[in-house]
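Down below is the structure, laid out as structure tokens.
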Amino acid sequence: MICLDAAPAQPQNAQPILSWNNLNYDVKVKDGTRRILHDISGSIYPGELVAIMGASGAGKTTLLSILSGRVKGGRLEGEIKFQGAKRNPHTFKRLLAYVEQEDLMYPSLTVEETLMASAQLRLPNGKYSLDDKKERVNTLLRQLRLSQVKDTLIGDHEIRGVSGGERKRVSIGAELVTDPAILMLDEPSSGLDSSSAEMVVTLAKEMSRKRNLCTLMTIHQPSTEMVAQFDKLILLAQGKLVYMGPANQAVRYFDSLGYPSTNSNPASFFIDLMNIDFSSTEAMKKSEERVQSLADLFVKFQDSGAKLLPESDKEVSGDSGISTIVGDITEEQANLVLMESPPMNSWLSEMIVLLKRDWAMTKRSRSFVWGMAAECLVMMLFVGFVFFQLKKDQASVQNRVGALFFMTLMDIYPVIIPAMVVIMVGRKVLFRERSSGTYRMTTYFFARALSLMPVFFIPYMIMYIGIYFISHLQYHAGKFFIHMALNLVLLFCSIGYAFMMAMIVNRIDIATTIAPVSLACFILFAGNLANANAITPVLRWIKYFCIVFYTYSGLMQNELHGLEFICDPDDFSCYKDGAEVIEFYGLDVVPIWATIVINLALGIGFYIIAYCLLRWATKPRFLWI
Ligand SMILES: Nc1ncnc2c1ncn2[C@@H]1O[C@H](COP(=O)(O)OP(=O)(O)OP(=O)(O)O)[C@@H](O)[C@H]1O
């Protein structure tokens, strides 16, 4: 039938790094289930560059997701072995470098910072010193042709950064900086021009050879030059395997089946052969029959035990200047793979790296940092001068009540919504990093919270101090520090609340709609707009869960106790002293110390809930076999 070579392509005793048998994958559709992959078997070896090709919808991404252990939903059957044994999820995750189609990185970090953070988080400190990690990053920058742009920001649609091709290479670099055994790339050429796409494939080849790394990528329609770089092809059509073998034998294989090449680009020829023609019912039926026949013939071919060998044992790729040895991986190379996953670094060192990374990003969010500082300065002057040098008359009672209420509002509205947006921005990167086990969730959470705090705490403290002295609240050291403590604890609660909301809702537009509504409830029960004692008993208890109520109550008691007001003896409705005001507003129920302690406890509660939600929401729910 076809020209077959007797000898195997791999060394006799070489062990595949990854092998899979009879993979079947079904998903639920409206009228039952649909089989996406049919009985797919295969194996890949260290040092090989393997491409999964097929028309759109053939199942390439699904197969790659299954092999990487990242498929979600549906029903998966079959067997996958890593180095001849059942995969251990933890080990496999740490030895796999997976580059998603979308380049998920922080836009405000530079290329070098991105690679360095990956190296510091993922390379074990016990094995690599800081200098070793720097050296490794520098080598990678050179190998990935990124040295020229190492100080350029990654960028996105808002920040001008590196080009699309360079960004893809950084994504690859961030994964390769570790010692992976397998590199998987989902459509690495998508969105790139032909020369950038070719460069990515060339680099993948170079890395595979240099590091004895098995690289598996899905690719839609590569150029002839790119196909020439691949060692092995996996061709899928309608979820069925129609070819798996040396890349330079595929044309010969189909020719022997009676399908001579009709295109100078082999990839276009394969896609034409495997494509379903939807132009008419008849054309569709014919193309479906052809695909079925190709799949059946490949099963027969595999069952016959025959093997396809590359045309030549050695080829040298001229244009890249990279030595591409096809099909002659030595036995020693084939088995030279890490068996164990690298240990995780200590909690503290992880925390320091993440804090530095988050702080670098926070500092560069100039519009956010300066916007917050400017807002606090403007509000300090505005509020301070509206309530300028409060006296002891009856009008000053209203002004004190209003100034303190406004200050509590300032602690929540302008904090919660921007903080929530900042927390939600890096969500996709977090999912990617958690899927590859880059760090612990506790270190991520602490670093994120701690790096946000100064942006709010520093300008807010200046604002509180400014308003306090401009408005002439009671000049008493003890009262001043209690006033500061009450406001700072509310600020701490607000950031915790922002974390919680950001974890409950996963879309910024929904979160920014829901948050103001929930904040409105806080304000209603704060004790200013509605009298705390006069709210209907059915709802009155809500104030005890309201952070604003405690702060406002504390601020009012702190400021008003000890004040005597000028009161016309004929005016029965005037307040004689602060105690009367506090009593009238119903804010004398909880002592000041308790308002601070309760708010602190509620704030810590928000952070704990946010952390639990973070763990739950970002937990990878992948099918595992
Ligand atoms: N969870 C799912 N539910 C329903 N259909 C699914 C699901 N996952 C995959 N599919 C379908 O399975 C088929 C294969 O999808 P897959 O994304 O693997 O194709 P692909 O070859 O990577 O395509 P493309 O090149 O267009 O990205 C498609 O028809 C897709 O719609």
Side-chain angles (χ1 to χ4, degrees), residues 18 20 22-42 44 50-78 80 96 98-104 164 168 171 183-192 194 197 200-201 204 215-223 226-227 230 232-244 247 250 265-278 284 287-288 290-292 294-295 298 428 431-432 435 620-625:
L18 196 70
W20 55 98
N22 306 104
L23 294 183
N24 285 301
Y25 180 62
D26 301 302
V27 292
K28 276 210 171 79
V29 286
K30 218 168 113 192
D31 44 1
T33 56
R34 180 183 157 205
R35 181 144 290 191
I36 307 287
L37 291 180
H38 304 251
D39 254 331
I40 308 286
S41 300
I44 47 178
V50 184
I52 306 177
M53 281 169 56
S56 180
K60 305 181 289 294
T61 302
T62 307
L63 179 59
L64 195 76
S65 310
I66 292 172
L67 297 180
S68 64
R70 289 166 184 242
V71 73
K72 277 187 194 164
R75 198 164 60 94
L76 178 62
E77 280 172 357
I80 302 178
L96 169 73
Y98 187 84
V99 182
E100 298 185 33
Q101 195 167 342
E102 198 183 342
D103 297 315
L104 300 171
K168 179 57 73 187
S171 289
L183 169 66
M184 292 192 189
L185 304 123
D186 190 11
E187 295 278 0
S189 60
S190 83
L192 300 185
S194 55
V200 167
V201 173
T215 303
L216 183 63
M217 66 169 77
T218 62
I219 196 151
H220 198 246
Q221 202 149 1
S223 64
M226 281 153 85
V227 176
F230 297 128
K232 195 183 260 181
L233 288 184
I234 296 175
L235 299 183
L236 291 178
Q238 291 207 297
K240 293 165 192 151
L241 191 62
V242 298
Y243 179 80
M244 170 154 171
N265 177 354
S268 303
F269 163 61
F270 302 143
I271 300 292
D272 288 346
L273 204 58
M274 297 182 292
N275 209 12
I276 301 297
D277 184 352
F278 291 99
M284 192 171 103
S287 52
E288 279 179 345
R290 183 183 63 236
V291 163
Q292 187 57 54
L294 287 172
F298 194 69
K428 281 188 174 175
F431 276 104
R432 175 179 74 73
S435 300
R621 290 175 178 78
F622 301 132
L623 296 178
W624 190 261
I625 52 171

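Counting starts at 1 for both ligands and their atoms, in listed order. Throughout, residue positions are numbered sequentially from 1 according to the sequence presented. Note that this is a predicted model, so its numbers are computed, not measured.
Atom 26 (O) of ligand 1 has S56 OG, 2.6 Å as its closest protein atom, hydrogens excluded (heavy atom only). In this structure, the protein non-hydrogen atom closest to atom 17 (O) of ligand 1 is T61 CB, 3.8 Å.
If you number the atoms of ligand 1 from 1 as listed, the ones under 4.0 Å from a heavy atom of A55 come out as 21 (O). For ligand 1, the atoms lying closer than 4.0 Å to a non-hydrogen atom of H220 are 25 (O).
The distance criterion of under 3.5 Å between nitrogen or oxygen atoms is met by K60 with respect to ligand 1. Of the polar atoms of G57, at least one N or O is found under 3.5 Å from an N or O of ligand 1, judged by distance alone.
The two atoms that bring A250 and F270 nearest to each other are CB-CZ, 3.4 Å, heavy atoms only.
Of the possible donor and acceptor atoms, none in the side chain of N22 sits under 3.5 Å from a partner among the backbone N and O of D39. Remark: side-chain polar atoms of R290 are paired, donor with acceptor, to backbone N or O of N275 under 3.5 angstrom. At distances below 3.5 Å, not a single donor-acceptor pair connects side-chain atoms of S171 with backbone N or O atoms of V99. The main-chain N or O of L104 is never found under 3.5 Å from a side-chain atom of K428 such that the two would form a donor-acceptor pair.
Contact between R34 and ligand 1 is present, with at least one heavy atom of the residue lying under 4.0 Å from the ligand. Note on ligand 1: G59 sits in its first shell, one or more heavy atoms being nearer than 4.0 Å. Ligand 1 lies out of reach of V29, whose nearest heavy atom is not under 4.0 Å from it. Contact between A58 and ligand 1 is present, with at least one heavy atom of the residue lying under 4.0 Å from the ligand. Using a 4.0 Å heavy-atom cutoff, G239 is absent from the residues neighbouring ligand 1.
At a heavy-atom cutoff of 4.0 Å, ligand 1 is contacted by no atom of K72, backbone or side chain. The proximity of V27 to ligand 1, defined as any non-hydrogen pair under 4.0 Å, is limited to the side chain. Of all the heavy atoms of I36, the ones lying under 4.0 Å from any atom of ligand 1 belong exclusively to the side chain.
When side chains are defined from C-beta on, L63 does not count as touching T218, because their heavy atoms never get closer than 4.5 Å. In this structure, R35 and D26 have side chains that are in contact, with non-hydrogen atoms separated by less than 4.5 Å. Side-chain contact between D103 and K168 is present, with at least one heavy-atom pair separated by less than 4.5 Å. Annotation: side chain of R70 is not in contact with side chain of D186 (no heavy-atom distance under 4.5 Å).
Nearest-heavy-atom check against atom 18 (O) of ligand 1 across T62, L64, T218 picks out T62.
Screening I219, T215, L64, L216 against L185 for a side-chain contact (heavy atoms from CB on, under 4.5 Å) leaves a single residue, T215.
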